[in-house]
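What follows is a set of notes on a single structure, which appears directly below.
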Amino acid sequence: MTVSPAPPSNPYLVLASAIVLPGSGHVVLGLPARGLQFLFFMVILGWVTTKVAPPDASFVGGHAGGFLIYALSILDAYRIARVRYTIWAHRSRADGDRAGSGTKADM
């Protein structure tokens, strides 16, 4: 009797979490250090772009580096969750196929 592993986090839940709070998608995935790294670079690049941007730049333009890292963080968390979920689904389906493959040979 084989025990199938527990399903990984739902990719859409990870995506929603990453959108609401930067770095939290990685925490949901069990990668808090990676989420903290993204958060750190988001703050640093947001600060750098405020110093480099012209004085008449909008808020988004003034913090463009931070928003870039924020967007990359969202994509990264979703990609990791999606890959984990797809691998889990493929393995669980493959286990089901292997279990049923011996029945035709017995006929």
Side-chain angles (χ1 to χ4, degrees):
M1 173 157 116
T2 61
V3 177
S4 63
S9 301
N10 186 341
Y12 296 119
L13 175 69
V14 172
L15 178 65
S17 175
I19 290 171
V20 171
L21 188 63
S24 65
H26 291 94
V27 173
V28 169
L29 290 170
L31 303 168
R34 189 175 182 100
L36 190 61
Q37 288 171 350
F38 271 107
L39 192 60
F40 174 75
F41 282 107
M42 187 182 343
V43 170
I44 294 298
L45 284 177
W47 179 79
V48 167
T49 53
T50 59
K51 302 302 176 191
V52 175
D56 59 339
S58 68
F59 178 79
V60 174
H63 297 85
F67 284 113
L68 171 70
I69 301 300
Y70 174 56
L72 292 175
S73 170
I74 292 170
L75 293 173
D76 184 64
Y78 178 71
R79 180 188 57 85
I80 292 170
R82 190 67 185 176
V83 167
R84 285 183 180 180
Y85 188 81
T86 303
I87 289 171
W88 172 81
H90 179 73
R91 284 185 180 160
S92 64
R93 185 179 37 193
D95 289 342
D97 289 345
R98 270 190 257 137
S101 65
T103 57
K104 284 190 173 188
D106 293 339
M107 292 173 124

Inset, instruction - Using a cut-off of 6.0 Å, state whether more than 12 heavy atoms not belonging to Phe41 lie near its atom CZ. - result: no
Checking the side chain of [X] only, and the main-chain atoms of [Y] only, is there a donor and an acceptor separated by less than 3.5 Å?
X	Y	result
Tyr78	Ala16	no
Ser17	Leu13	no
Ser73	Ile69	no
Arg84	Leu29	yes

Grab the two heavy atoms, one from [X] and one from [Y], that are nearest each other, plus how far apart they are.
X	Y	value
Ala18	Ser24	N-OG, 3.9 Å
Val14	Ser9	CG2-CB, 3.8 Å
Ala53	Gly62	CB-CA, 4.0 Å

Inset, instruction - First locate atom OH of Tyr85, then atom CZ of Arg82, and finally report the distance between them rounded to the nearest 0.5 Å. - result: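 Reported to 0.5 Å precision, the distance equals 7.5 Å.
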Same hydrophobic cluster for [X] and [Y], using side-chain heavy-atom links shorter than 4.5 Å among ILVMFWY?
X	Y	result
Tyr70	Leu68	yes
Ile44	Leu39	yes
Leu72	Val27	no
Phe38	Phe40	yes
Met42	Leu15	yes

Do [X] and [Y] make a side-chain contact, defined as non-hydrogen atoms from C-beta onward lying under 4.5 Å apart?
X	Y	value
Arg79	Asp76	yes
Leu31	Ile80	yes
Trp88	Arg93	no

Inset, instruction - Take the angle between the ring planes of His63 and Phe67 and call it parallel below 30°, perpendicular above 60°, tilted in between. - result: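 Perpendicular.
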Inset, instruction - Run the numbers on Phe59 and Thr50 for side chain to side chain contact (heavy atoms under 4.5 Å, CB included), then give the verdict. - result: CA-CA 9 Å; Phe59 178 79; Thr50 59; over 6 Å; no
